[in-house]
Amino acid sequence: MDRKKAKQVVVIDDAPDVRKILEINLKGKGFDVFTAEDGEKGLEIVRDEKIDLIILDVLMPRTDGFLFLKTLRNDPSIPDIPILMLTARAAMKDTFEAFNVDGFETKPINMGAILEKVGQLLQDKAMIVSDNGFVIDKVSPSLEKAGYEVHMVKNEAEMSEKGSKTRFKVIVVHLPFISMDPDQFVQALSGLRYRSPQVFIYCDSDVKGTETNDTVVIDEIRVKWKKAGIEAFFDARLTGPSFMSLFKSWVGGA
């Protein structure tokens with residue numbers, strides 16, 4: 001793993017031996033690791049550091065796992081961070097799923113299972129909303145080259161269903177395959193597991209009203225999406241750079 005881009009993980013558990021074994025194994029996989037003996041200290045770390053994943057115990061002194069989750073979910077200043085729960089109480093899985101946690105592992109810990117789950121949760125994921133093979137083949141390599149695991153869906157209904165279960169940091173929307181207007185679409189994003197995905201609009205001649213390549217009409221569509229809060233808009237008829245070039249600039253050179 002490139003140390004310059006190492007993912008940062010915080011382990012919150014009151015058992016020193018659990019913290020230590022997780023820290024050693026996670027560092028061995030190239031992660032930067034923080035540890036905390038209770039939820040209160042864990043919250044301090046989450047607020048002070050750019051944490052990519054939280055591994056959280058349930059029963060702890062001061063701030064336990066329940067209170068930690070409530071505080072986390074109710075604090076808009078804290079980014080949306082994946083959470084892997086650790087507990088000896090397997091029967092509590094449904095309870096924590098109600099908190100929208102991303103993974104659940106029981107104690108005594110299975111290090112292999114935990115590392116596999118950590119890898120899954122930290123893999124950046126992108127979704128393409130399209131049923132056009134040409135567009136998918138054009139966009140998908142750019143996402144994969146930037147390190148994303150790419151998933152395809154055919155419309156906004158499938159986007160909502162898949163996105164409610166899996167965190168997608170990037171969503172590329174091919175306009176002919178959605179029926180919602182920009183404001184409706186932005187509202188639909190609020191139901192996704194990842195609260196603030198980066199959305200990219202992909203427009204081409206399959207979009208109704210742009211068949212004659214009228215750049216005025218295309219720009220009007222771009223402005224509508226911008227007013228709804230989505231500025232990343234690609235149409236080869238408007239812009240010179242390739243999708244990959246614009247994607248890099250949109251995501252900060254990924």
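Note that the structure is a prediction, hence the values are computed from the model and not measured. Heads up: numbering here begins at 1 and tracks the sequence.
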Pair [X] + [Y]: basic N to acidic O under 4.0 Å:
{"X": "Glu23", "Y": "Lys27", "result": "yes"}
{"X": "Asp17", "Y": "Lys20", "result": "no"}
{"X": "Lys107", "Y": "Asp57", "result": "yes"}

Looking at [Y], is its backbone amide N or carbonyl O close enough to the side chain of [X] to form a donor-acceptor pair, meaning the two atoms are under 3.5 Å apart?
{"X": "Gln198", "Y": "Ile171", "answer": "no"}
{"X": "Asn74", "Y": "Lys70", "answer": "yes"}
{"X": "Glu144", "Y": "Val150", "answer": "no"}
{"X": "Gln8", "Y": "Lys50", "answer": "yes"}
{"X": "Glu40", "Y": "Asp38", "answer": "no"}
{"X": "Ser249", "Y": "Leu246", "answer": "yes"}
{"X": "Ser242", "Y": "Ser245", "answer": "yes"}
{"X": "Gln123", "Y": "Gly119", "answer": "no"}
{"X": "Arg19", "Y": "Val11", "answer": "no"}
{"X": "Asn25", "Y": "Ile21", "answer": "yes"}

Can you confirm whether [X] sits close enough to [Y] that some side-chain heavy atom of one is under 4.5 Å from a side-chain heavy atom of the other?
{"X": "Asp14", "Y": "Pro61", "result": "yes"}
{"X": "Val10", "Y": "Ile55", "result": "no"}
{"X": "Val118", "Y": "Phe31", "result": "yes"}
{"X": "Ile54", "Y": "Pro82", "result": "no"}
{"X": "Lys169", "Y": "Tyr194", "result": "yes"}
{"X": "Lys117", "Y": "Ile114", "result": "no"}
{"X": "Asp52", "Y": "Val9", "result": "no"}

Item to check | Residues which pass side-chain hydrogen bond (donor to acceptor under 3.5 Å, both in side chains) with Gln184, listed by chain and number, not counting sequence neighbours | outcome: none
Item to check | For Glu149, side-chain hydrogen bond (donor to acceptor under 3.5 Å, both in side chains) partners two or more places apart | outcome: His151
Checklist entry - Does the gap between the ring centers of Phe200 and Phe234 come in under 6.0 Å? => result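 Not under 6.0 Å, so no.
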According to a hydrophobic-cluster definition based on side-chain heavy atoms being under 4.5 Å apart (Ile, Leu, Val, Met, Phe, Trp, Tyr only), do [X] and [Y] belong together?
{"X": "Ile178", "Y": "Val223", "answer": "no"}
{"X": "Leu67", "Y": "Val58", "answer": "no"}
{"X": "Leu122", "Y": "Met111", "answer": "yes"}

Checklist entry - Which of parallel (below 30°), tilted (30 to 60°) and perpendicular (above 60°) describes His174 and Phe177? => result tilted
Checklist outcome for this item: ring-ring contact (aromatic ring centres under 6.0 Å, His included) with Trp225: of Phe185, Phe233, Tyr202, only one passes, and it is Phe185
Item to check | Qualifying residues under salt bridge (charged side-chain N to carboxylate O under 4.0 Å, His left out), relative to Asp102, sequence neighbours excluded | outcome: Arg167, Arg193
